[in-house]
Amino acid sequence: MDRRTVLRGGLVTTAGAAFALLNDGPARAAGLLRTGRPRLTHGVQSGDVTAHEAVVWARADRPARMFVDLSDRPDFRNARTVRGPVLTPDTDLTGKAFLRGLPPGRELHYRVRLDDLDRHLTSEPVAGRLRTAPRTRRDIRFVWSGDLAGQGWGINPDLGGYRIFKAMAAVDPDFFLCSGDLVYSDGPLTETVALPDGRTWRNLTTPEKSTVAQTLAEYRGQFRYNLQDANLRAFNAQVPMLYQWDDHETLNNWYPGEILDLPQYTEKRVDVLSARARRAAFEYTPIAIQAAKGGRIYRKISYGPLLDVFMLDMRTYKSPNDADDSPTQRDGLLGAEQAAWLKRELRGSKATWKVIANDLPIGLVVPDGTAQEAAAQGDKGAPLGREREIADILSDIKRHRVRNTVWLTADVHYTAAHYYDPSKAAYQDFDPFWEFVSGPLNAGAFGPNSLDGTFGPTAKFVQAPPHANTSPAEGYQFFGEVDIDAQSGALTVHLRDLDGKVLHTESLTPAR
């Protein structure tokens, strides 16, 4: 039994920096007037940080104007004050400021304030920090993981809430690569859960987390729920996020065009549900693209001469889940346009390391009942079904001599290091590469899943729980850390547990 079986704007320029104001709509304050000063309700976040650009996110308790103070000093001496967007009910009072013209390779401090639209009362500020990407060789460190509040395990104050974010913050990363399932919109929470050892797990609950999400308001409530956690808010304020989604932002194992037969859903059209989920995700994460303008989730984030990060979207263009054994299928996870983009961008990348963030694993078999959810299906022979799309990309990487690709994923709720070796594979037209798995952040732990031999993977390290849906109270929550050394160019991966203990390390030397 695995975890899936359990579930079934304009521009503003100030002092050389331009800020694109996202989701800036007309204020609709009727019925939302408050007494006293406005308030930032869920902390601040930054994201999609490059050498000269970044996004800053906030949410208000009423329609208000967002202001951002920016400085290279924590005391904000000589700070620039930038007039940001109006936060309105159209975006659930969330808003983003898109910062341009930032200095590269710098630690910057920002703080967000709100100005009441009616009485010009100003909120207390909330401060954050970000590091811009370097233009020259510099040590880089980032963390990755996914899967938050899944399988009925939400914010438990008795255990300190989402305490894995404390361990992640302690390594002082430049950014956090979120591998998807940042919320579990299909995972209602109950106030208490009986644990196998006789203890009781206690969840914070909200109305939106007490049922499966179907309306836009309910999808928004999934993100607000997680942002109640003080550890997550503190982490968000200190570490920028690169966000990609997976299935649970909408619902388990979904694909475009699917019609549900689940009794808990009154809206059966997954396309309708996914559009609402997508809007909520764009409103509540510091992604630098607007969903309302058809922005795509897949994108490249350049982080200096040593690193390019390729954020994939293996959900929006997915084929229906079936046996995944077609001998003629051409795609199924990325779609033709995204696959062509990935090949083109990989060929053109001048960075030493090309990290590919895949929200579904390559060689692990991930069942969806009797169907298959990911690429692999357990047939150790020639590529079939969605594997053919992966084979095409791997062969293109080899043909164009693209060096130093590393794949990072979460999804399966345990941690592992996989080495793909063409000499051991049924399909051999590719160069050797590594795929690292790490998660969940705070969800049921599962695994390990079976490896499919088509691309010759070997599990060099695996740590998984003793039984399915192990609660976070028992540990088995994981994140990964990547360090790139400026002098040697070596990339080192540490797989860490809930408390930050290193479980396994792999050091990779870059090919020239």
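No experiment lies behind these values; they were computed from the predicted model shown.
With no hydrogens or angles considered, a side-chain donor-acceptor pair links Arg386 and Ser319 at under 3.5 Å. Side-chain contact check for Asp411 and Thr409: no donor-acceptor pair (N or O, by modelled atom type) lies under 3.5 Å. Between Asn253 and Arg315, the side chains place no donor N or O within less than 3.5 Å of an acceptor N or O (distance only, hydrogens not considered). Under 3.5 Å, the side chains of Asn358 and Glu435 contain a donor-acceptor pair of N or O atoms. In this structure, a donor-acceptor pair under 3.5 Å is absent between the side chains of Asn236 and Trp57. Between the side chains of Glu373 and Asn321, at least one donor-acceptor pair of N or O atoms lies under 3.5 Å. For the residue pair Tyr243 / Glu249, a side-chain donor-acceptor distance below 3.5 Å is found, with atom types taken as modelled. No hydrogens or angles considered: a donor-acceptor pair under 3.5 Å links the side chains of Trp201 and Asn203. Asp247 and Tyr255 form no side-chain donor-acceptor contact under 3.5 Å, judged by distance and modelled atom types alone. For the residue pair Tyr184 / Asn252, no side-chain donor-acceptor distance below 3.5 Å is found, with atom types taken as modelled. In this structure, a donor-acceptor pair under 3.5 Å is present between the side chains of Tyr427 and Ser395. Ser302 and Asp308 share a donor-acceptor pair across their side chains, judged by distance under 3.5 Å alone. At a cut-off of 3.5 Å, with distance as the only test, a side-chain donor of Asp313 or Thr316 sits close to an acceptor on the other residue.
Separating the CZ atom in Arg163 from the CG atom in Leu441 is a distance of 13.0 Å, to the nearest 0.5 Å. Note: Ile362 CD1 to Leu333 CG = 10.0 Å, rounded to the nearest 0.5 Å. The structure places CG of Asp421 at 5.0 Å from OH of Tyr419, a figure rounded to the nearest 0.5 Å. Here CG of Leu177 is found 9.5 Å from CD1 of Ile301. Values are rounded to the nearest 0.5 Å.
Between Glu387 and Ala376, the closest heavy-atom pair is OE2-CA, 3.7 Å. Here the shortest heavy-atom pairing between Ala464 and Phe446 reads CB-O, 3.9 Å. Counting all heavy atoms, side chain and backbone alike, Ala374 lies closest to Leu364 at CB-O, 4.3 Å. When every heavy atom of Arg199 is checked against every heavy atom of Asp197, the shortest pair comes out as NE-OD2, 2.7 Å. The two residues Pro240 and Asp174 have their closest heavy-atom pair at CD-O, 3.3 Å.
Just one residue in the list Trp407, Phe142, Phe310 forms a side-chain contact (heavy atoms from CB on, under 4.5 Å) with Val355, and that residue is Phe142. Considering Asp172, Asp483, Asp485 as possible partners of Arg141, the one that fulfils the salt bridge (charged side-chain N to carboxylate O under 4.0 Å, His left out) test is Asp483. Between Tyr298 and the options Glu345, Met314, Gln338, a side-chain contact (heavy atoms from CB on, under 4.5 Å) holds for only Gln338.
Of the charged side-chain nitrogens involved, at least one lies within less than 4.0 Å of a carboxylate oxygen, so that Lys343 and Asp392 count as a salt-bridged pair. In this structure, Arg401 does not pair ionically with Asp431, as no charged nitrogen and carboxylate oxygen lie closer than 4.0 Å.
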**Asked** Where do Arg131 and Val49 land on the side chain to side chain contact (heavy atoms under 4.5 Å, CB included) test, with the steps shown first?
**Response** CA-CA 8 Å; Arg131 295 190 187 110; Val49 176; over 6 Å; no
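Side-chain contact between Leu503 and Phe478 is present, with at least one heavy-atom pair separated by less than 4.5 Å. Residues Val239 and Met168 have side chains not in contact (no heavy-atom distance under 4.5 Å, counting atoms from C-beta outward).
A cation-pi geometry, defined here as NZ or CZ lying under 6.0 Å from the six-membered ring centre and within 45° of its normal, holds between Arg278 and Trp245.
Surrounding CZ of Arg269 are at most 12 heavy atoms belonging to other residues, nucleotides or ligands under 6.0 Å away.
Within the 3.5 Å criterion, the main-chain N or O of Gly146 finds no donor-acceptor partner in the side chain of Ser179.
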